[in-house]
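I have placed the structure first, in the form of C-alpha cells, so that the comments after it can refer back to it.
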Amino acid sequence: MTDIAYRPATSDDAAFLRRMLAEAFNWRGDSDFDPAVLNRPEAAHYIDGWMTATDFGVIAERSGHPAGAAWARFLPASDRGYGYVADNIPELTLAVAPEHRGNRIGPALLEALVDQGRRLDLPGISLSVEDGNLARKLYQRQGFIVVGRDGDSDTLLKRYRP
Ligand SMILES: CC(C)(COP(=O)(O)OP(=O)(O)OC[C@H]1O[C@@H](n2cnc3c(N)ncnc32)[C@H](O)[C@@H]1OP(=O)(O)O)[C@@H](O)C(=O)NCCC(=O)NCCS
C-alpha cells in the first residue's frame with residue numbers, strides 16, 4: 001500500500017511500543033487481557049527504559065500514524081527473555097495494530113529489522129513464538145530456524161553467519 005512508510009524507531013516511540021508489546025503478549029486477542037501483565041518483569045524488560053544505547057527498531061506509519069513496530073533488545077542471561085539464545089543476540093518483538101493487519105506490514109517490519117541487525121554486524125536475532133501463532137510463518141519466510149523449545153513455545157533464531 002502506498003500510504004505506508006517505515007522509519008527507525010526513536011525514544012519518542014516508547015508509548016506506542018508499549019501498545020505493541022500488549023498486542024504481542026495478547027496475540028490471541030483475548031478481550032479479558034489484563035494490561036497489568038506488562039508491568040511484570042518478564043514483560044516489562046522488553047520495553048522499560050526505551051530507548052537504550054543498544055536498542056533498535058522500526059516503526060510502520062500509515063497516513064502518518066504508527067501502525068506497527070518491530071524492535072530488538074539485548075537481554076542478558078541474568079534477565080533472560082522468552083527467546084533467549086545468547087547475551088550478544090538481541091530478542092525481537094513484532095506487532096501490528098489489529099486494524100492494520102493483513103496488509104503485509106508485519107513482514108516488511110520484520111525484513112527491515114533483520115536488515116538493521118545485519119548492518120550492526122550481529123551474529124543473529126532471536127525470538128519466542130507460541131504454538132498456533134501465525135507469526136511463525138513470517139519468521140520462517142525470513143530465514144528464522146527453531147533452536148529451542150520452552151513449554152508451548154519455540155525459540156527461533158535468524159543467523160547472519162554460520
Ligand atoms: C503476526 C503479525 C505481526 C502479522 O502482521 P500482518 O501485517 O498482519 O502480516 P500479513 O499482512 O502478512 O498477514 C499475516 C497473515 O494474516 C492473514 N490476515 C489477513 N487479514 C488479516 C487480519 N485482518 N488480521 C490478521 N491476519 C490477517 C494474512 O492473510 C496473512 O496470511 P498469509 O501470509 O498466509 O497470507 C500480526 O498479525 C500481529 O501483530 N499479530 C499479533 C502480535 C503477534 O502475534 N506478534 C508476534 C509475537 S511472536
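Just so you know, ligand 1 is whichever comes first in the structure, and atom 1 is the first atom listed for that ligand. Throughout, residue positions are numbered sequentially from 1 according to the sequence presented.
Proximity of Lys137 to ligand 1, defined as any heavy-atom pair under 4.0 Å, is confined to the side chain (atoms from C-beta onward). Only the backbone of Glu23 comes within contact range of ligand 1, with a heavy atom under 4.0 Å; no side-chain atom does. Contacts of Phe25 with ligand 1, taken as heavy-atom pairs under 4.0 Å, are absent altogether. If you look at Arg28 next to ligand 1, there are no close heavy atoms at all, none under 4.0 Å. Proximity of Pro98 to ligand 1, defined as any heavy-atom pair under 4.0 Å, is not found for any part of the residue. Heavy atoms of Leu138 found under 4.0 angstrom from ligand 1 belong exclusively to the side chain.
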With side-chain contact (heavy atoms from CB on, under 4.5 Å) as the test, would you mind laying out the steps for Phe144 and Val114 before giving the verdict?
CA-CA 10 Å; Phe144 283 77; Val114 164; 4.0 Å; yes
For Leu110 and Leu92: C-alpha separation, side-chain torsions, deciding distance, then whether side-chain contact (heavy atoms from CB on, under 4.5 Å) applies.
CA-CA 9 Å; Leu110 184 60; Leu92 175 152; 3.5 Å; yes
Between Arg118 and Lys158, does the side-chain contact (heavy atoms from CB on, under 4.5 Å) criterion hold? Intermediate values first, please.
CA-CA 10 Å; Arg118 186 178 290 111; Lys158 164 81 183 178; 4.3 Å; yes
Could you go step by step and tell me if Asn103 and Arg62 meet the side-chain contact (heavy atoms from CB on, under 4.5 Å) rule?
CA-CA 11 Å; Asn103 294 293; Arg62 196 164 184 188; 3.2 Å; yes
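Using a 4.0 Å heavy-atom cutoff, Leu127 is absent from the residues neighbouring ligand 1. Distances from ligand 1 to the non-hydrogen atoms of Glu99 include no value under 4.0 Å. Within the structure, ligand 1 has Ser128 among the residues with a heavy atom less than 4.0 angstrom away.
For atom 6 (P) of ligand 1, the choice among Gly106, Ala24, Ala69 with the nearest heavy atom turns out to be Gly106. For atom 1 (C) of ligand 1, the candidate residues are Ala70, Ala95, Gly68, Ala135; the nearest heavy-atom contact is made by Ala135.
Atom numbering of ligand 1 starts at 1 in the shown order; those under 4.0 Å from a heavy atom of Asn133 are 43 (C), 44 (O), 46 (C), 47 (C), 48 (S). Near Tyr139, meaning under 4.0 Å from one of its heavy atoms, ligand 1 places the atoms 46 (C), 47 (C), 48 (S). Near Ile105, with a cut-off below 4.0 Å to any heavy atom, the atoms of ligand 1 are 7 (O).
The distance from the CG atom of Leu17 to the CD1 atom of Ile59 is 4.5 Å, given to the nearest 0.5 Å. Rounding to the nearest 0.5 Å gives a distance of 6.0 Å between OH of Tyr46 and CG of Leu75. Rounding to the nearest 0.5 angstrom, the gap separating the OH atom in Tyr84 from the CG atom in Leu127 is 15.5 Å.
Close N/O approach between Trp27 and ligand 1 is not found [any backbone or side-chain N/O within under 3.5 Å].
Looking at atom 30 (C) of ligand 1, its nearest protein heavy atom turns out to be Arg104 NH1, 3.8 Å. From the protein, the heavy atom lying nearest to atom 39 (O) of ligand 1 is Val96 N, 2.8 Å. In terms of protein heavy-atom proximity, atom 15 (C) of ligand 1 is closest to Leu134 CD1, 3.9 Å. With hydrogens left out, the protein atom closest to atom 21 (C) of ligand 1 is Gly102 CA, 3.7 Å, a heavy atom. Atom 9 (O) of ligand 1 has its closest protein heavy atom at Pro107 CD, 3.5 Å. In terms of protein heavy atoms, atom 41 (C) of ligand 1 is closest to Arg101 NH2, 3.5 Å.
Screening Arg7, Arg18, Arg19 against Asp13 for a salt bridge (Lys or Arg N to Asp or Glu O under 4.0 Å) leaves a single residue, Arg7.
For atom 25 (C) of ligand 1, the nearest protein heavy atom is under 4.0 Å away. Distance check on atom 45 (N) of ligand 1: some protein heavy atom falls below the 4.0 Å cut-off. Using a 4.0 Å threshold on non-hydrogen atoms, atom 17 (C) of ligand 1 does not count as touching the protein.
A salt bridge links Glu23 and Arg101; the closest N-O separation between the charged side-chain nitrogens and carboxylate oxygens is under 4.0 Å. A salt bridge does not link Arg73 with Asp48: none of the charged nitrogens is closer than 4.0 Å to a carboxylate oxygen.
With a 6.0 Å radius and a threshold of 12 heavy atoms from other residues, nucleotides or ligands, Asp150 has its CG atom at or below the threshold. Counting heavy-atom neighbours within 6.0 Å of Arg159 CZ, excluding the residue itself, gives a total of 12 or less.
Using a 4.5 Å cut-off on side-chain heavy atoms (C-beta onward), Leu122 and Phe74 make contact. You'll find the side chain of Thr54 stays beyond 4.5 Å of the side chain of Pro90, heavy atoms only.
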